[in-house]
Amino acid sequence: MREVRTARMAANDLGLTDARMRARFIMIHVLIVPRFWTHPEAAQLLARPGGTPEVGFGDICATVKAALRQAGRVDEAWW
């Protein structure tokens, strides 16, 4: 529950408002890449000028999905 709370608070701080995106954000943190939003590449996507948090997070999701596919773990990308 602590990790879910951590991710939920981070999603709030980043400005994610879409409920499905927030749920995905939490699940990626808990199940795949803990604290992924603190990695420099992810932080850069989330803070892009002119973008929205949902668009930046969507780009992160696409990147994670591609990496999982390349690693033969595509079943872990449920989105």
Side-chain angles (χ1 to χ4, degrees):
M1 291 308 296
R2 182 182 59 209
E3 294 304 321
V4 170
R5 189 176 314 113
T6 295
R8 187 173 47 82
M9 290 172 55
N12 283 340
D13 291 346
L14 292 168
L16 289 175
T17 58
D18 181 86
R20 286 182 285 175
M21 295 291 264
R22 292 169 54 81
R24 188 183 305 169
F25 187 97
I26 293 165
M27 289 188 279
I28 289 174
H29 164 69
V30 172
L31 301 172
I32 301 174
V33 185
R35 303 187 68 80
F36 67 89
W37 62 90
T38 64
H39 295 236
E41 297 85 2
Q44 183 178 22
L45 289 173
L46 289 167
R48 263 193 319 225
T52 66
E54 277 81 8
V55 170
F57 181 57
D59 291 343
I60 291 170
C61 291
T63 302
V64 170
K65 191 172 195 173
L68 288 170
R69 185 180 304 120
Q70 192 170 22
R73 298 169 48 192
V74 70
D75 57 321
E76 294 179 45
W78 62 90
W79 59 91

Which atoms form the tightest heavy-atom contact between [X] and [Y], and what is the distance?
X   : Y   : value
R24 : C61 : CD-SG, 3.3 Å
R48 : G56 : NH2-CA, 4.1 Å
G15 : P53 : O-CG, 3.8 Å

With side chains defined as the heavy atoms from C-beta onward, is the minimum distance between R8 and F25 less than 4.5 Å?
no

Taking the side chain as C-beta and beyond, is there a heavy-atom pair between L46 and D59 under 4.5 Å?
no

Do any N or O atoms from the side chain of R22 and from the backbone of L16 form a donor-acceptor pair under 3.5 angstrom?
yes

Give a yes or no on whether the backbone of D18 and the side-chain of E54 come within a donor-acceptor separation of less than 3.5 Å.
yes

If the condition is salt bridge (Lys or Arg N to Asp or Glu O under 4.0 Å), which residues does R35 pass it with, not counting sequence neighbours?
none

Side chain to side chain contact (heavy atoms under 4.5 Å, CB included) between I60 and E41: does it pass, once the steps are laid out?
CA-CA 9 Å; I60 291 170; E41 297 85 2; over 6 Å; no

Within one Ile-Leu-Val-Met-Phe-Trp-Tyr cluster: [X] and [Y], side-chain cutoff 4.5 Å:
X   : Y   : result
V74 : W78 : no
M9  : I28 : no
I26 : L31 : yes
L14 : V55 : no

Are F57 and W37 close enough that their ring centers fall under 6.0 Å?
no

Within a reach of under 6.0 Å around CD of E3, are more than 12 heavy atoms found that belong to other residues, nucleotides or ligands?
yes

Quick one: side chain to side chain donor-acceptor pair (under 3.5 Å) pairs with a partner in residues 64-75, sequence neighbours left out?
R73-E76

Just do the side chain to side chain contact (heavy atoms under 4.5 Å, CB included) check on F36 and T63 with the steps written out, would you?
CA-CA 12 Å; F36 67 89; T63 302; over 6 Å; no

